[in-house]
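Note that this is a predicted model, so its numbers are computed, not measured. Along the sequence shown, residues carry numbers from 1.
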Amino acid sequence: MDVYQQQIIAELTAWQHKMLKRPSFLNSISKRMQKRINAIIPEKVHQAITATIKQMIRGVLFGSKHTTSNPEPFDSLMSKEMAVMQKIEFYRNTAAIEGGVTGAGGLLLGLADFPILLTIKIKLLFEIAALYGFDINDYKERVYLLHIFELAFSSHEHRRNVYLKMEDWEEKKKHLPDDIHQFDWRNFQQEYRDYLDLAKMAQLIPIIGAPVGLIVNYRLLKKLGITAMNAYRMRIFSVNDRFQS
């Protein structure tokens, strides 16, 4: 094992501990408050939002696979991850520019940021999966993409549960249903919406909307990129360990 792999395993181990960390007292209070707010919202509204996000993401999931090319093989993990980090930087800058433009455009453009940013995030995940050598045409790999998305944009409590679903994925994916409609879209959209509410609402405020949109989008893509890298590292080293044992 070379020095770079040793460094990566140390980073991965620290990230895994973070994913498994129990929610703090403040996190738990915040989550309970959010649940109460969601309980007040009429069921028809929840159903409408869930259906909208489900269709949006399904569209992006099945569209992005046709616009993501298979990269040339890499000669080392380091060169592979350098390509991944370059891709993350490109999408971070793209999201930042998009957030600044929509944030400067008032309420209507600010609302348009949601589907545009969602598309950028999913597209980044497809690019990262392809660079790490995973088959994005496989439906079960797209489920893994959704779990990465959840890890990045969920409460502490939900994040831990999602992480446990992703451990030993090569075995667990054998038991997945064959229909993506059976994915838990309700929980997915609530966690994502709750996570983004405060930060993205500020983007709709005149004058400060542009800088807020730029900074928030840049940070969101950075977090998504780091989460994806570690999620795929976990699978790479898990497979290697299995072969070596």
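The minimum heavy-atom distance between K140 and W169, with the atom names listed, is O-CZ2, 3.5 Å. The heavy-atom pair separating I128 from A228 by the smallest distance is CD1-CB, 3.8 Å. M166 and L151 make their closest contact through SD-CD1, 3.5 Å (heavy atoms, listed as atom of the first residue, atom of the second, distance). Here the closest non-hydrogen pair linking L221 and R92 is CB-CG, 3.6 Å. Shortest non-hydrogen contact noted between S154 and H158 is OG-CD2, 3.3 Å.
Once rounded to the nearest 0.5 Å, the distance linking OG1 of T13 with CD1 of I8 reads 11.0 Å. The distance from the CG atom of N93 to the CD1 atom of I97 is 6.5 Å, given to the nearest 0.5 Å. Rounding to the nearest 0.5 Å places CD1 of I236 at 9.5 Å from CD of Q5.
Under the 4.5 Å side-chain criterion, counting only non-hydrogen atoms from C-beta, K21 is not in contact with R160. Side-chain contact check for L145 versus I122: every heavy-atom pair is 4.5 Å or farther apart. With contacts defined as side-chain heavy-atom distances shorter than 4.5 Å, the pair M229/M85 qualifies. Looking at W15 and R233, their side chains never come closer than 4.5 Å, going by heavy atoms from C-beta outward. In this structure, K121 and Y91 have side chains that are not in contact, with every pair of non-hydrogen atoms separated by 4.5 Å or more. The shortest distance between side-chain heavy atoms of L125 and L224 falls below 4.5 Å. The shortest distance between side-chain heavy atoms of R142 and F126 falls below 4.5 Å. Counting only heavy atoms from C-beta outward, the side chains of L164 and L20 approach each other to under 4.5 Å.
K223 places a side-chain N or O within donor-acceptor distance of the main-chain N or O of A152, the cut-off being under 3.5 Å. At distances below 3.5 Å, not a single donor-acceptor pair connects side-chain atoms of K123 with backbone N or O atoms of L118.
Around the NZ atom of K18, the shell of radius 6.0 Å holds no more than 12 heavy atoms that belong to other residues, nucleotides or ligands. The number of heavy-atom neighbours closer than 6.0 Å to NZ of K222, taken from other residues, nucleotides and ligands shown, is 12 or below.
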Begin with the C-alpha distance, continue with both residues' side-chain angles, and end with the deciding distance and a verdict on side chain to side chain contact (heavy atoms under 4.5 Å, CB included) for L131 and F74. CA-CA 9 Å; L131 287 169; F74 296 96; 3.7 Å; yes

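Annotation: cation-pi geometry not satisfied between K173 and Y139 (NZ/CZ under 6.0 angstrom from ring centroid, within 45° of ring axis).
Taking D75 as the reference, S79 meet the side chain to side chain donor-acceptor pair (under 3.5 Å) condition, with sequence neighbours excluded. Qualifying salt bridge (Lys or Arg N to Asp or Glu O under 4.0 Å) partners for E167, counting only residues two or more places apart in sequence or in other chains: none. Annotation: side chain to side chain donor-acceptor pair (under 3.5 Å) contacts of E141 (sequence neighbours excluded): R235.
Judged by distance alone, the side chains of E98 and N217 do bring a donor and an acceptor atom under 3.5 Å apart.
Cluster annotation: I226 is not connected to L146 through the hydrophobic network of ILVMFWY side chains, with a link wherever side-chain heavy atoms come within less than 4.5 Å. Linking Ile, Leu, Val, Met, Phe, Trp and Tyr whenever their side-chain heavy atoms come within less than 4.5 Å leaves V216 and Y218 in two separate clusters.
Two rings, from Y232 and Y144, have their centers less than 6.0 Å apart.
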